[in-house]
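For reference, the structure is listed below as structure tokens.
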Amino acid sequence: MKALPGDTSSVVLRFAPNPNGPLTLGHSRGVVINSEYAKLYDGKVVLRFDDTDTKVKPPLSDAYQWIEEEYGWLAGRPADIVVRASDRMPIYLEYAASMLADGHCYVCRCPAAEFRSFRESKEDCPCRSKDASENLSDWKSMNDGVLVEGEAVVRVRTDMTLPNPALRDWPALRIQHTPHPMVGEQYRVWPLLDFQSAIEDYAQGVTHIVRGKDLMDSTRKQTLMYEKLGWEYPETLYWGRVKVHEFGGFSTSSMRASIEDGDRDGWEDLRLPTIQSLRRRGFDARALRDFWVELGITQKDISVSMQTIESLNSRAIDAVAERRSFVASPVRLSIEGYESVAVDSPRHPDGEIPGSRGWVLGGAIYIQKSDSVSSSLRLKEFADISISDSKADVESLDRSDNRPIVQWLPEGMAREAVLFMPQGEEIAEVEGFLEDFELQVGQVYQLERVGFARLERLAQGGGAELVWLHS
RNA sequence: GCUCCUGUGGUGUAGUUCGGUCCAUCAUUCCGGGUUUUCAUCCCGGCGACUCGGGUUCGAAUCCCGACAGGAGCACCA
């Protein structure tokens, strides 16, 4: 990773998600980059919940615990400090009042559309000339509920003639009467991102901010505010927008909507790019870490492929994933003369995991339907066979030619199983048999000739449920 | 419209600060080969790029100007 600019003697970084849902693959970039920099510089990361919007992106009360846990999983260690903006409201409101008193802010009662035209024409709005006592009394009305949603907003007094329209007297706090899921109806005035974040970064002693470049104007807005308060703004780095070919963007709001509409089964839905879904499938946090570190923090807008992450994941898990046989769409073949023969297959072909999987043959075996079109096959780790009329005849125990090697299962080792695979808008259910050898729920196995999958459920004496990871 | 950011192979990325050592790094994909009783892993090899046009210079991926392309902000979202 590139060196951080500025003084790095005691680095404080922060990761500030909105808890309006669990973390997505997109958020994982922020977790990884910030936590890796903290590791590199022996610094700290503040996990801050930016939960000051009760209306457009309302917080989800479960998401706080989810995110804290997901952060720990991704970073490999918990966040050093955890704060909720909603717990820090008194501080923000106090700063607002004092900035109003000092003339750094004013209460603007123009309707949004009206202010927009002032901004465009670089004209002062009438509220701008109010004195401090008037502003303070309007502030009181905002907090008392005399003024209702949309009737007033606190603005930071910058300069209406600034070339960048986004910076002209930007809004700092607004009225929200919708109750907050964590703190209820205690507050009627809530800070907006730029104000809340500016204050909290200062309060936490944040030294470096790494954020999306869509927030570049945020930096500029906040820098103007810091100048008024005589504070020094943290060093700031930016990354560009990321899309993943397979998923597109990572809008938490639209995922939430798709779940509420019933198009998705929940945050763990295999088709969603949430950390929950990725973990459910069996991704290793190391793969995500390696991926984001490799990408670095360039300001280019990029579109990456899950293939890259999958490749890193294979490397991370191959040595620890035991092999198992999975026979999709099984075809039953009878086999004679080998009823009590034992077959041993390694748990891992390179011996990374010592030991073997022991089978006893019995009188019938299963092979994949797609393999059964061939009349001569080699059953892996066992024998060359020829197939006719649902019967397998052993031709040789040793490998005698170059016939295809296939995975298979003796009837006695075959456990009914279904493999769930996300395929575009659908979740395919591949039915078959899974090798019933020391199966452990939660484990990721490599299904020979199929790919990696995580065992999710094992019904008592019944079927197994697997979720697809990748090939 | 205003403001801002970015343009290196299919996808990412290094190099751009202080122009030459860059006929451009690495990863991944793809193609070929090897190891392997998995179409996995591993190993080897290969294809493939500096957006375009001017300018400065002995020399430009690197500096300057312009064009073009992509993206973002101008929300009482984060």
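So you know, we letter chains A, B, ... as the sequences are listed, proteins then strands, and number each from 1.
Rounding to whole angstrom units, CH2 of residue A:W468 and P of B:A40 are separated by 11 Å. Straight-line distance from the CD atom of A:E149 to the C1' atom of B:C77: 14 Å, rounded to whole Å. At whole-Å resolution of the value, CG in A:D214 and C1' in B:G73 are 8 Å apart. In this structure, the CG atom of A:D371 is 14 Å from the C1' atom of B:U37, given to the nearest Å. Atom NZ of A:K57 is separated from atom P of B:C77 by 10 Å (rounded to the nearest Å). As rounded to whole Å, 15 Å separates atom C1' of B:U28 from atom CH2 of A:W292. For A:E294 and B:U11, the CD to C1' distance is 11 Å, given to the nearest whole Å. The CD1-P distance, from A:I405 to B:U35, rounds to 13 Å in whole Å.
Among the nucleotides B:U38, B:C2, B:C76, the one closest to the side chain of A:P165 is B:C2. Listed nucleotides B:U28, B:G12, B:C76 differ in distance to A:R315; the shortest reach to its side chain belongs to B:U28. Considering only side-chain atoms of A:L192, the nucleotide from B:U6, B:C76, B:C42 that sits closest is B:C76. With distances taken from any side-chain atom of A:E448 to the nucleotides B:U37, B:U6, B:U38, the minimum falls on B:U38. For A:D318, whose side chain is taken as the heavy atoms from C-beta onward, the closest listed nucleotide among B:A40, B:A78, B:C5 is B:A40. Comparing B:G12, B:U28, B:U38 against the side chain of A:L295 picks out B:G12 as the nearest. The side chain of A:Q446 sits closest to B:A40 out of B:A78, B:G12, B:A40. When distances run from any side-chain atom of A:D50 to the nucleotides B:A78, B:C26, B:U8, the shortest one goes to B:A78. Here B:A14 is the nucleotide among B:A14, B:U28, B:G73 with the atom lying nearest to any side-chain atom of A:T298. Comparing B:C76, B:C42, B:U41 by their nearest atom to the side chain of A:A112 picks out B:C76.
Across all strands shown, B:A61 has no partner, as no Watson-Crick or G-U wobble contact with both distances under 3.5 Å is found. Base pairing analysis places B:G19 opposite nothing; no Watson-Crick or G-U wobble pair with both distances below 3.5 Å involves it. Base pairing analysis places B:G12 opposite B:C26; the two distances defining the Watson-Crick or G-U wobble pair are each below 3.5 Å. Under the Watson-Crick and G-U wobble criteria, each requiring two contacts below 3.5 Å, nucleotide B:C74 is paired to B:G1. For B:U36, there is no paired base (Watson-Crick or G-U wobble, both distances below 3.5 Å).
Within the 4.0 angstrom heavy-atom criterion, no nucleotide atom of any strand lies near A:G296. Looking at heavy-atom distances under 4.0 Å, A:I302 makes contact with sugar-phosphate atoms alone, never a base. Backbone-only engagement by A:P163 is indicated by non-hydrogen atom pairs under 4.0 Å involving sugar-phosphate atoms exclusively. Using a 4.0 Å heavy-atom cutoff across all strands shown, A:R378 reaches at least one base atom of the nucleic acid. Among the atoms of the strands shown, none is found under 4.0 Å from any heavy atom of A:S197. Looking at heavy-atom distances under 4.0 Å, A:T52 makes contact with sugar-phosphate atoms alone, never a base.
Position along RNA chain B of the nearest nucleotide to A:K221 versus A:D350 favours A:D350 as the more 5'-ward residue. Each of A:I175 and A:R29 lies near RNA chain B, and the nucleotide nearest A:R29 is the one positioned closer to the 5' end.
Between the side chain of A:R399 and the base of B:U37, no donor-acceptor pair of N or O atoms lies under 3.5 Å.
The aromatic rings of A:F15 and A:H27 lie perpendicular to each other, with more than 60° between the two planes, well past the 30° mark.
Ring to ring, A:W170 and A:F195 are not that close: their centroids are 6.0 angstrom or more apart. A centroid separation of 6.0 Å or more is found between the aromatic rings of A:W292 and A:W239.
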Legend entry - Full working for salt bridge (Lys or Arg N to Asp or Glu O under 4.0 Å) between A:R174 and A:D53: CA-CA 10 Å; A:R174 82 311 210 177; A:D53 174 33; 3.6 Å; yes
Inset, instruction - Using the salt bridge (Lys or Arg N to Asp or Glu O under 4.0 Å) rule, take A:R14 and A:D201 through it: C-alpha gap first, then chi angles, then the decisive distance, then the call. - result: CA-CA 8 Å; A:R14 41 74 146 193; A:D201 284 335; 2.9 Å; yes
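Here salt bridge (charged side-chain N to carboxylate O under 4.0 Å, His left out) pairs that include residues 299-312 of chain A, with residues two or more places apart or in two chains, are A:K213-A:D301.
Between A:Y226 and A:T219 the shortest side-chain heavy-atom distance does not fall below 4.5 Å.
Contact check, A:R174 against B:C77: a side-chain N or O comes under 4.0 Å of OP1 or OP2. Proximity of A:K300 to the phosphate of B:U13: a side-chain N or O atom is located under 4.0 Å from OP1 or OP2.
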